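Just so it is clear, the model here is predicted, and its values are computed rather than measured.
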Amino acid sequence: MYVGRVMNTYLVTVSPDTTIIKAKDIIEQKKINHLLVVDENENLLGLISDRDVKQSWASPATTLSVHELNYLLTQLTVEMIMKKKIITISPDTTIEIAALIMQENRISALPVMEGEKLVGIITTTDVLEVLLRAIGVDEGSGRFIVLVKDRIGVVAEVSRLLKDQQISIQSLVTWPVKKFPGIYQLIMRVAFEDKEKAISVLTDSGFKILTEYIRDLTPYLPDQ
């Protein structure tokens with residue numbers, strides 16, 4: 001999946017001289033978490049988040065009157081608090097890379113640029129939505145985990161066993177088990193009515209299946 005397929009293209013932008021009060025109103029009205037700051041030619045200048053706005057609002061100058069505080073806020077613009085060093089990505093960036101960039105840099109949004117043109121924005125919420133769809137959480141399905149050794153053909157073997165029983169795999173995600181190098185979890189979803197049959201077929205073939213959280217996985221480690 002590529003960023004260009006899931007990014008938000010309805011962009012809410014503001015100019016650098018927009019006041020913090022106005023920015024706060026826009027964020028609340030549009031129900032968004034980020035504002036893109038652009039110049040008159042739509043060139044990207046910065047990024048401001050709802051957190052940035054809230055932090056600027058929490059002034060430590062408690063000795064000032066309400067009137068004085070309001071006056072100061074009318075003078076504060078997004079240019080004064082926006083992030084100017086922005087990490088951007090292109091539409092052909094994969095979702096996985098976008099997620100990695102956000103995690104490594106502890107950021108929650110990435111503007112998307114096509115050359116010099118701002119074409120979209122992707123956030124951690126968008127990435128999470130893609131993940132949830134990929135693993136089929138929003139579908140009527142049954143979930144179970146197959147513990148396997150990291151060996152060539154093991155996924156094909158599991159798939160063949162289910163195929164022979166006319167059981168369709170709705171989603172499959174692989175995940176390493178940290179404490180046991182070389183052991184992987186195949187996190188699978190099938191139609192809810194096929195779940196018990198799938199578990200039975202795989203168990204009869206020697207695979208170890210989990211249907212709930214188990215603290216000690218030692219008894220469930222695969223022999224094959």
Side-chain angles (χ1 to χ4, degrees), residues 1-138 173 175:
M1 178 71 73
Y2 294 97
V3 165
R5 300 295 182 192
V6 297
M7 66 184 183
N8 295 302
T9 56
Y10 172 69
L11 302 178
V12 181
T13 63
V14 294
S15 61
D17 59 354
T18 302
T19 66
I20 294 301
I21 292 177
K22 180 63 175 178
K24 180 175 180 290
D25 289 341
I26 294 173
I27 287 173
E28 291 177 349
Q29 290 170 7
K30 300 292 185 179
K31 293 181 171 56
I32 56 178
N33 295 320
H34 302 85
L35 283 174
L36 296 159
V37 186
V38 299
D39 63 17
E40 63 275 10
N41 296 315
E42 297 298 313
N43 295 313
L44 182 63
L45 301 177
L47 181 70
I48 184 171
S49 69
D50 60 339
R51 183 178 180 182
D52 297 327
V53 172
K54 289 174 183 175
Q55 288 179 338
S56 69
W57 219 267
S59 172
T62 54
T63 58
L64 296 177
S65 67
V66 172
H67 174 75
E68 290 171 321
L69 284 173
N70 287 338
Y71 173 76
L72 289 176
L73 287 172
T74 62
Q75 304 305 304
L76 188 62
T77 65
V78 297
E79 185 175 22
M80 298 175 183
I81 66 169
M82 69 183 185
K83 292 179 175 62
K84 299 178 181 179
K85 293 183 178 180
I86 312 168
I87 300 174
T88 64
I89 55 176
S90 60
D92 59 356
T93 304
T94 63
I95 289 293
E96 305 95 290
I97 294 299
L100 181 62
I101 292 172
M102 284 191 270
Q103 181 192 46
E104 290 181 340
N105 293 278
R106 297 178 180 274
I107 54 179
S108 57
L110 289 167
V112 184
M113 304 290 293
E114 199 162 39
E116 298 298 318
K117 184 180 179 181
L118 176 64
V119 294
I121 186 172
I122 187 167
T123 68
T124 50
T125 301
D126 301 319
V127 172
L128 182 59
E129 182 179 353
V130 171
L131 173 61
L132 292 175
R133 287 186 177 181
I135 62 179
V137 170
D138 59 344
V173 177
W175 196 266

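Closest non-hydrogen pair, S15 versus V78, comes out as O-CG2, 3.4 Å. Heavy-atom minimum distance, M7 versus G120: SD-CA, 4.0 Å. Annotation for A23 and T18: closest pair N-CG2, 4.1 Å, computed over non-hydrogen atoms. Looking at every heavy atom in both residues, A109 comes nearest to I121 through CB-CD1, 4.1 Å. For the pair L45 and P16, the tightest heavy-atom approach, listed with the atom from each and the gap, is CD1-CG, 3.9 Å. Minimum heavy-atom separation, M113 to E116: CE-O, 3.3 Å.
Considering CD1 of I27 and NZ of K30, their distance stands at 12.5 Å, rounded to 0.5 Å. Taking CD1 of I81 as the start and CD1 of I48 as the end, the distance is 3.5 Å to the nearest 0.5 Å. Distance OG1/T13 to CG/L44: 10.0 Å, rounded to 0.5 Å. In this structure, the separation between CG on L128 and CG on D126 is 9.5 Å, given to the nearest 0.5 Å. The CG atom of L36 lies 5.5 Å from the CG atom of L118; values are rounded to the nearest 0.5 Å. Here the CG atom belonging to D92 is positioned 8.5 Å from the CD atom belonging to E114, to the nearest 0.5 angstrom.
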Audit row: L35, V12, side chain to side chain contact (heavy atoms under 4.5 Å, CB included) steps and yes/no | CA-CA 6 Å; L35 283 174; V12 181; 3.4 Å; yes

Trace of the side chain to side chain contact (heavy atoms under 4.5 Å, CB included) decision for K83 with D52 = CA-CA 9 Å; K83 292 179 175 62; D52 297 327; 2.8 Å; yes

Should T94 and Y2 be marked as a side chain to side chain contact (heavy atoms under 4.5 Å, CB included) after you check the CA-CA gap, both sets of side-chain angles, and the distance that decides it?
-> CA-CA 4 Å; T94 63; Y2 294 97; 3.9 Å; yes

Take I122 and I89, measure what side chain to side chain contact (heavy atoms under 4.5 Å, CB included) needs, and give me the verdict at the end.
-> CA-CA 9 Å; I122 187 167; I89 55 176; 3.9 Å; yes

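Taking a 6.0 Å sphere around CE of M80, one finds it holds more than 12 heavy atoms contributed by other residues, nucleotides or ligands.
With contacts defined as side-chain heavy-atom distances shorter than 4.5 Å, the pair V127/L131 does not qualify.
Without hydrogens or angle criteria, D39 side chain to N41 main chain gives a donor-acceptor distance under 3.5 Å.
Under the side-chain contact (heavy atoms from CB on, under 4.5 Å) test applied with H34, the options T123, L11, L110 reduce to a single match, T123.
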